[in-house]
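Both ligands and their constituent atoms are indexed starting at 1 by order of listing. This one's a predicted model, so the numbers in the text were calculated from it and none came from an experiment.
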Amino acid sequence: MTTLLPGQAEAIADVNALRARISKADSDTMALLLGQAHTHHAWTDQPVSDAILKEAYDLAKMGPTGMNIQPMRLTILRGEAKEKRLVPLMLDSNQAKTSTAPVTVILANDQAFYDKMDRVFPIMPDAAAMFADNADMARENADRNGTLQAAYFMIALRSLGLDVAPMSGFDPAGVNNAFFADTTLTANFIINVGYGEANGVYPRLPRLDFSEISKSY
Ligand SMILES: Cc1cc2nc3c(=O)[nH]c(=O)nc-3n(C[C@H](O)[C@H](O)[C@H](O)COP(=O)(O)O)c2cc1C
């Protein structure tokens, strides 16, 4: 008989219980998450609470990251804090849509994510030192996994019926200086979140075909 790791029996039961309930998402769910979802540029005035952002994060945090490092950090901005501190740092063409979005979130990566390794990856006691001793590897992992978490977060927001608009059109040094001076955080990208005004979406741009982006061996 194979010996199970601590917690492994619960993990196996979880997988089996899920498979008993569902084997794939239905087509409407796929459409809501990706297939018919759009990036939004205009917003209704329906507010977005921290509670729903937390609900989305609580789902997104279950997405996998390398060595479970979870480097994404959120800075949530509304009202005057957004208008005065962030909007002037956005590209001109991004300013109005950022001002009118009910909430704007700066997605940053904690470059010192390894401070939490003991908690998030206790199975490897020297993991923190491994990153602390190799700045290039730490940055690469922070940026890769923070971006993955950002994508999970956007999909999770869509699963709750919210719309999102990611933006990299801002002054990154300005944002780092305004929000993350004297911290270990670096801005990744910014998302507007709300209930999109359908009239504001842009036409769908072409997506690359599987046949042109893949090779099978
Ligand atoms: C990382 C990232 C950065 C983006 N930056 C901007 C931006 O600065 N301004 C903007 O209007 N759209 C920006 N976009 C939106 C994309 O152009 C848009 O999501 C893409 O064209 C797909 O549009 P669709 O979801 O309506 O099909 C960004 C998207 C991503 C993922």
Side-chain angles (χ1 to χ4, degrees), residues 25 27-44 46 48 53 56-57 59-61 63-66 70-78 82-111 139-180 185-210 212-213:
S27 58
D28 278 343
T29 303
M30 293 181 197
L32 180 74
L33 299 183
L34 289 166
Q36 278 180 267
H38 268 271
T39 299
H40 280 258
H41 304 277
W43 306 96
T44 69
Q46 189 175 340
V48 175
L53 295 179
Y57 173 72
L59 179 60
K61 74 185 181 188
T65 53
Q70 304 168 67
M72 181 182 74
R73 304 290 180 265
L74 307 179
T75 302
I76 300 164
L77 297 165
R78 299 183 182 81
K82 172 165 65 162
E83 205 50 44
K84 290 216 167 120
R85 295 181 65 196
L86 178 66
V87 170
L89 299 170
M90 302 297 297
L91 213 64
D92 285 354
S93 58
N94 284 336
Q95 290 193 353
K97 43 192 161 192
T98 302
S99 286
T100 51
V103 67
T104 300
V105 184
I106 306 173
L107 305 171
N109 298 329
D110 187 354
Q111 301 296 335
R139 170 164 282 269
E140 193 180 297
N141 276 275
D143 292 347
R144 176 188 302 121
N145 290 288
T147 301
L148 273 173
Q149 284 194 288
Y152 303 146
F153 186 52
M154 291 195 290
I155 302 293
L157 288 164
R158 284 176 170 177
S159 79
L160 296 174
L162 286 154
D163 295 303
V164 294
M167 292 170 296
S168 51
F170 61 92
D171 167 12
V175 168
N176 284 334
N177 194 41
F179 292 92
F180 306 130
L185 273 56
T186 56
N188 188 3
F189 63 98
I190 289 172
I191 54 172
N192 285 331
V193 183
Y195 297 89
E197 183 64 71
N199 292 338
V201 295
Y202 298 165
R204 185 73 88 196
L205 293 169
R207 300 305 208 256
L208 304 181
D209 288 329
F210 183 71
E212 56 184 326
I213 60 88

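In this comparison of Met90, His38, Lys97, the heavy atom closest to atom 11 (O) of ligand 1 sits on Lys97.
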Stepwise side-chain contact (heavy atoms from CB on, under 4.5 Å) test for Leu74 and Leu107
CA-CA 5 Å; Leu74 307 179; Leu107 305 171; 3.3 Å; yes
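Taking distance alone, with nitrogen or oxygen atoms compared against 3.5 Å, Phe189 stays at or beyond that limit from ligand 1. Inclusion of Gly169 in the set of residues having an N or O under 3.5 Å from an N or O of ligand 1 is warranted.
Distance check for atom 16 (C) of ligand 1: every protein heavy atom is found at 4.0 Å or beyond. Using a 4.0 Å threshold on non-hydrogen atoms, atom 27 (O) of ligand 1 counts as touching the protein.
The shortest distance between side-chain heavy atoms of Leu77 and Glu83 does not fall below 4.5 Å. Counting heavy atoms from C-beta outward, Pro64 and Tyr152 have side chains that approach closer than 4.5 Å.
With a heavy-atom cut-off of 4.0 Å, Leu91 does not touch ligand 1 at all. At a heavy-atom distance under 4.0 Å, only side-chain atoms of Arg207, from C-beta outward, approach ligand 1.
Phe210 is linked by a ring pair (Phe, Tyr, Trp, His ring centres under 6.0 Å) to nothing, counting only residues two or more places apart in sequence or in another chain.
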Side chains of residues 33-41: which donor-acceptor partners sit under 3.5 Å, not counting sequence neighbours?
from  : atom 1 : to     : atom 2 : distance (Å)
His40 : NE2    : Asp163 : OD1    : 3.4
His41 : ND1    : Lys97  : NZ     : 3.1

